[in-house]
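Everything on this sheet refers to the single structure shown next.
All heavy atoms count here, side chains included; hydrogens, waters and symmetry mates do not. Reminder, nothing fancy here: chain letters follow the sequence lines and each chain counts from 1.
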2 protein chains.
Amino acid sequence: MPRPARVSPDRILDAAALEFAARGYAGARVDHIARRGRVNKAMLYYHFGSKQGLYRALLRRTFGAIAADLQAIASGPLDPASRLDAAVSAFVRHIETHAHFPSIMLREVAEGGTHLDADTMAAVAAVPQAFAAILKPGVEDGVFDGVHPLSAYFITIAPIVMFVASAPLRAQAAQRRISPTVVGRRISTDAFMADVKRALQRAFAARSSVHQGRS
Amino acid sequence: MPRPARVSPDRILDAAALEFAARGYAGARVDHIARRGRVNKAMLYYHFGSKQGLYRALLRRTFGAIAADLQAIASGPLDPASRLDAAVSAFVRHIETHAHFPSIMLREVAEGGTHLDADTMAAVAAVPQAFAAILKPGVEDGVFDGVHPLSAYFITIAPIVMFVASAPLRAQAAQRRISPTVVGRRISTDAFMADVKRALQRAFAARSSVHQGRS
DNA sequence: GTCTATACCCTGATAGAC
DNA sequence: GTCTATCAGGGTATAGAC
């Protein structure tokens with residue numbers, strides 16, 4: 001039975017995920033991350049060199065994991081029509097296990113890659129790339145005719161990411177009684193996901209089978 | 001001919017929009033905003049009291065403006081089917097005139113309303129509220145049957161906001177030769193918007209006229 | 001590999017003259 | 001209303017002992 005590692009850079013990364021998600025790159029405090037990860041600052045710097053180094057390591061781990069999941073689907077045996085659904089499910093599952101991910105993604109998009117080196121940016125870019133690979137057979141079969149892969153990527157994941165990331169904001173608004181139910185009745189994450197999946201099925205169905213709203 | 005105002009809190013807000021969009025709340029530097037707005041720090045504090053006060057004033061102006069545009073559509077004469085299209089157009093137009101808006105919105109969602117007071121949060125919440133009001137007649141007519149207004153809101157605006165806000169990140173990736181065209185051929189903003197509008201038309205078409213992907 | 005104590009810079013905010 | 005000079009606090013990072 002091997003001894004468990006006592007240092008655990010992984011635990012630091014977990015703490016970093018929380019902190020960077022909640023406060024952003026500039027707002028994150030190395031002290032907080034160290035305390036939450038139960039190491040002292042010196043140890044953190046010993047492992048990651050700098051705040052920036054820590055941030056990059058975190059992003060590589062985070063985006064790397066989800067890209068790997070998507071790549072597995074891309075090279076899997078599913079039929080063209082089921083692949084999008086599988087991608088959405090994988091994405092949602094990843095968010096459920098990594099609650100900090102949506103916030104980090106939104107912030108990094110807004111940040112424009114300022115703190116990233118080429119390797120880290122490649123890890124981030126691997127996500128839309130894997131997504132495009134998932135769609136490829138369907139595009140060739142005409143199932144997703146005419147839609148650019150990058151369009152499909154944003155149309156698919158942006159609503160999910162923003163809805164989940166906005167949970168704290170919506171909770172605050174509800175708490176402060178700003179329009180008690182925000183818009184009409186409350187909505188659960190599950191109900192939202194169902195709406196999204198249905199919308200995507202319709203949006204990306206082959207053109208021939210769909211009524212055109214405009215010519 | 002009236003003398004032009006020499007103080008111009010508006011110019012400060014313009015500078016603040018740039019800075020907060022580019023660096024986020026914590027990353028923004030009051031010095032930078034003052035310099036870009038061509039006032040000194042003391043003047044800035046004289047007008048806005050604090051960094052937080054400035055941020056709140058900026059959000060009220062930004063979200064207030066777009067909410068007003070949407071409210072005009074909501075109380076306008078358009079038929080139920082055209083209202084969504086008008087909302088999207090208004091949104092896109094607003095982004096074109098206020099290039100910093102998408103970034104600020106993403107960051108504020110991730111921030112979870114931490115720096116906001118009740119008034120500012122109400123201004124932010126007015127946007128989805130106006131959007132729901134735009135959709136209301138269509139929902140009652142069965143055009144958007146079954147989709148929760150908040151779902152429709154995120155499904156509609158999230159792709160647009162994230163695509164536009166991700167432009168710098170995508171530019172960086174392209175510049176560093178990370179998968180030269182990211183995914184397949186390049187895509188223009190116009191092409192993306194066309195894809196989105198088409199997807200939305202399909203996604204929110206009345207159920208009866210659409211082929212169901214799953215039972 | 002681990003920890004304590006500290007250097008040093010940056011930044012939000014203000015005092016006080018005009 | 002406008003400006004210059006400055007302060008106090010908090011932040012990243014490291015030195016150096018063990």
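Remark: A/R83 fails to qualify as a cation-pi partner of A/F131 under the 6.0 Å distance and 45° angle criteria applied to the six-membered ring.
The shortest distance between the side-chain N/O atoms of A/N40 and the OP1/OP2 oxygens of C/dT2 is not below 4.0 Å.
To the nearest angstrom, P of D/dT4 lies 17 Å from OH of B/Y46. If you measure from atom CD1 of B/I12 to atom C1' of D/dG1, you get 12 Å, rounded to the nearest angstrom. We find that NZ of A/K41 is positioned 14 Å from P of D/dA15, with the value rounded to whole Å. Rounded to an integer number of Å, the gap from A/F48 CZ to D/dA13 C1' is 16 Å. Put simply, CG on B/D31 is 11 Å from P on C/dA13, counting in whole angstrom units. Between the CG atom of A/L44 and the C1' atom of C/dG1 there is a distance of 14 Å, rounded to whole Å. In this structure, B/Q52 atom CD and C/dG12 atom P are separated by 13 Å, rounded to whole Å. The distance from atom CE of A/M43 to atom P of C/dG1 is 7 Å, rounded to the nearest whole Å.
The residue B/A34 sits apart from the nucleic acid: no heavy atom pair falls under 4.0 Å.
With C/dT2, D/dT6, D/dT2 as the candidates, the nucleotide lying closest to the side chain of A/H47 is C/dT2.
Using a 3.5 Å distance cut-off with no hydrogens or angles, the side chains of A/T120 and A/D117 do pair a donor with an acceptor.
Taking the charged nitrogens against the carboxylate oxygens, A/D119 and A/R60 have no contact shorter than 4.0 Å, which rules out a salt bridge.
Along DNA chain D, the nucleotide nearest to A/R29 and the one nearest to A/A42 differ in position, and the one closer to the 5' end is contacted by A/R29.
Remark: aromatic rings of B/F192 and A/H148 are distant, center separation not under 6.0 Å.
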